[in-house]
Amino acid sequence: MESTEAVLCHGSPVPVQLVARKLLVGDILGAVPDETPMVPLARDLARAQKRLRLKPSAATQTIELDLRTESHLERSKLFQRLLLVGVPWAQPSETGRTKGTFKEAWALEWYPELEVALIEASTHGTTIESAATSVVAERAEAGDIAELSRLVDASLLADLPAALRSVLAVLDERAARQHDTAILMAAIEPLARARRYSNVRKVDSETVHRVLAGIVVRVAVGLPAACASLDDLAAAAMRHHVDGAHRGIALVDDPGLRTAWTAALVAVARQESVHGLVAGRIVRLLFDGGQIALDELTRRFSVTLSPAEDANRAAAWLEGFLSDDAVLLLHEPDLLRAIDGWVTAVPTDVFDDLLPLMRRTFSRFQPAERRLIGEQVRRMGRSEPARPGTTDGDDLDHERAARVLPRILALLGR
C-alpha cells in the first residue's frame, strides 16, 4: 500500500519515500551522542572501533594489515568475528590469496543495513567474541564434516579458543563414525590449511593436527576401496577430492602423513578396476612426487594407450593425467609420440565418441601451449624416414589431407 504522506522541502510538499531515498545518498555518516541507548553488541563494536582506530564510513576503503603487528592482528580478528555473526562490514579483498602470508587486505564499507544486522546478531551474545562463539557452536551442531572443517578454519582466524574446542570435539566424534571416505577427504584441506598457517595468527593448533592425522590415516586405509567401480560423475568428484587431499597433506610438515597418503596412492595406481579419470590423475601425482620414474611412466602410457585397451577409458586416463597442464608433453616427446600414435590408431567409429573427451582435454591448455604441441607433432611426422624415390612433400595427397582437416580443427577446438 502506497503512502500519501508528504513533508515540506523548500516550501514544497515532497513524498516521504523520496526524502528517505535522498537521505541514503552520500558517503558521510552521521553520529549519535554517547548516551544514546544501544544494544550491548553495538556498544561493544563501537568500543572496538575506537580502540583499533577504525572509523565507519559509507565510502569503500581498502586497508592492508600486517599480522606481525599486534594492532593489525586485532583488527583482523575483529573482521573475522563480524563475518561469523553476519555483519560484513569488512570483506577480504583477495580471498584465497592472503591466508598463507603475514599480509591481509580488507575492503571496508558501512551501510545502514548493518545496524539491523547488529541488532539481529545481539541475540547470540552481548560482545562480538561471545556472539561469534555462539554462532560457531550452533553451526557446528547442524553441520557436516566439510562444514565443521571450515568452522575450524574460521575459529582459528577469529581467535575463538572456546569455539575451536567445541568444533574439534564434534568433528572428532563424527569423523570416527564416518565411513564415507570421500566425505572425510573433503575435510583434509581446510584442516591442513588451518594447521599450516595458525602460527601466523599466534594460536595453538596441536589439537587440529591430532584430528587431521586421524582423518588422513582413515582416508589412506579406505582410499583403494573408495576408488573402485566409479561411474563418470563419481569419478569426477573423486578426482576433485584426491586433488584437495593431496594439496592439504602437502601443506603439513608431517612425513608420517605423507608416507601413508603416498602408499594409498600407490595402491590405487596398481588396481585394475579404477576409473581412467582417477587412475590417470593419481599416476600424475605420483610422477610429480618422484614415486614413478620417467621410464615407468612411458611404459604406463604405452600400456594404457595400446589398441588392446578400451578407448574410452584411455581417453579418461589421459584427461586425468594431463589435468590442464601441457608442460610435461612439451618436455617429454616420447609421451607426446605415444598420444599421437594412439589417436592415429583409434578406429573411425570410436573416434567420433572420443572427440568430445579429447577436445575437452586439450581445449584447457593455453593457446600458445596448443600451438607448440602442434609444432612438435608436425616435426615428429617430418622425422620419419622418406620412402625411396621421393622427397619431402612429394608424396603428399592434398585431397586426402583435405578430408581429415575438419576433424583436426574440431580436435583443436576451432
Side-chain angles (χ1 to χ4, degrees), residues 80 83-84 86 95-96 99-100 132-198 201 203-228 230-231 233-252 254 256-258 260-265 267-268 278 281-282 285:
Q80 297 286 353
L83 288 178
L84 283 172
T95 304
K99 289 184 179 178
T133 301
S134 176
V135 169
V136 171
E138 290 183 7
R139 290 172 58 182
E141 289 298 325
D144 55 12
I145 289 184
E147 172 67 8
L148 290 172
S149 303
R150 289 190 289 268
L151 287 176
V152 169
D153 194 15
S155 300
L156 281 170
L157 294 176
D159 191 19
L160 302 172
L164 179 61
R165 286 193 296 269
S166 63
V167 173
L168 285 174
V170 176
L171 177 59
D172 199 11
E173 176 189 357
R174 294 185 184 174
R177 292 182 291 148
Q178 180 58 250
H179 302 290
D180 192 330
T181 302
I183 294 178
L184 292 174
M185 293 172 70
I188 292 179
E189 187 174 13
L191 288 176
R193 188 169 55 244
R195 175 70 176 91
R196 171 75 174 183
Y197 300 132
S198 59
R201 312 188 73 87
V203 296
D204 181 17
S205 61
E206 288 303 320
T207 308
V208 178
H209 183 76
R210 180 180 60 79
V211 176
L212 172 63
I215 292 178
V216 171
V217 171
R218 296 192 62 195
V219 166
V221 173
L223 186 62
C227 292
L230 299 175
D231 59 18
L233 292 178
M238 179 56 67
R239 172 197 168 187
H240 173 74
H241 290 316
V242 168
D243 282 341
H246 191 78
R247 287 193 301 266
I249 294 173
L251 289 175
V252 181
D254 191 327
L257 296 185
R258 296 187 184 183
W261 174 248
T262 301
L265 295 181
V268 174
V278 177
R281 185 57 186 157
I282 288 180
L285 293 178

Quiz item: Going from CD1 on Ile145 to CG on Leu184, what distance comes out if it is rounded to the nearest 0.5 angstrom?
Solution: 5.0 Å

Exercise. Heavy atoms only: give me the nearest Pro190-Ala187 pair and the separation to one decimal.
Key: CD-O, 3.5 Å

Quiz prompt | Exam field: side chain Arg139 to backbone Glu147, donor-acceptor pair closer than 3.5 Å | solution = no

Quiz item: Closest approach of Pro224 and Ala267, non-hydrogen atoms and distance?
Solution: CG-CB, 4.0 Å

Exercise. Might you work through the side-chain contact (heavy atoms from CB on, under 4.5 Å) test for Arg195 and Leu251, ending with a clear yes or no?
Key: CA-CA 9 Å; Arg195 175 70 176 91; Leu251 289 175; over 6 Å; no

Quiz prompt | With Glu173 via salt bridge (charged side-chain N to carboxylate O under 4.0 Å, His left out) - residues at least two apart | solution = Arg177

Quiz item: Which atoms form the tightest heavy-atom contact between Ala192 and Leu212, and what is the distance?
Solution: CA-CD2, 3.9 Å

Quiz prompt | Nearest atoms (heavy-atom pairs only) where Ala194 meets Leu156 | solution = CB-CD1, 3.1 Å

Self-check item: Beyond-backbone contact of Leu160 with Gln80, side-chain heavy atoms, under 4.5 angstrom
Solution: no

Quiz item: Do Leu223 and Leu265 have side chains that get closer than 4.5 Å, going by heavy atoms?
Solution: yes

Quiz prompt | Exercise: identify the closest heavy-atom pair between Val167 and Ser155 | solution = CG2-OG, 4.5 Å

Quiz prompt | Rounded distance [0.5 Å steps], CG in Asp144 versus CZ in Arg150 | solution = 6.5 Å

Quiz item: Is any side-chain heavy atom of Leu171 closer than 4.5 Å to a side-chain heavy atom of Leu191?
Solution: yes

Quiz prompt | Short side-chain to backbone donor-acceptor contact, Arg258 and Ala250, under 3.5 Å | solution = yes

Quiz prompt | Arg281/Val268 under side-chain contact (heavy atoms from CB on, under 4.5 Å): CA gap, chis, key distance, verdict | solution = CA-CA 11 Å; Arg281 185 57 186 157; Val268 174; over 6 Å; no

Quiz item: If you round to the nearest 0.5 Å, how far is CD1 of Ile215 from CD1 of Ile188?
Solution: 7.0 Å

Exercise. Give, for atom CG of Leu151 and atom CG of Leu84, the distance between the pair rounded to the nearest 0.5 Å.
Key: 8.0 Å

Quiz item: Is there side-chain contact between Ile282 and Met238, with heavy atoms separated by less than 4.5 Å?
Solution: no

Quiz item: So how far is it from Leu164 CG to Asp153 CG, rounded to the nearest 0.5 Å?
Solution: 10.5 Å

Quiz item: Do Thr181 and His241 pass the side-chain contact (heavy atoms from CB on, under 4.5 Å) test, and can you show the C-alpha distance, the side-chain angles, and the key distance before you say yes or no?
Solution: CA-CA 10 Å; Thr181 302; His241 290 316; over 6 Å; no

Quiz prompt | Spacing of Glu138 atom CD and Ser166 atom OG [to the nearest 0.5 Å] | solution = 11.5 Å

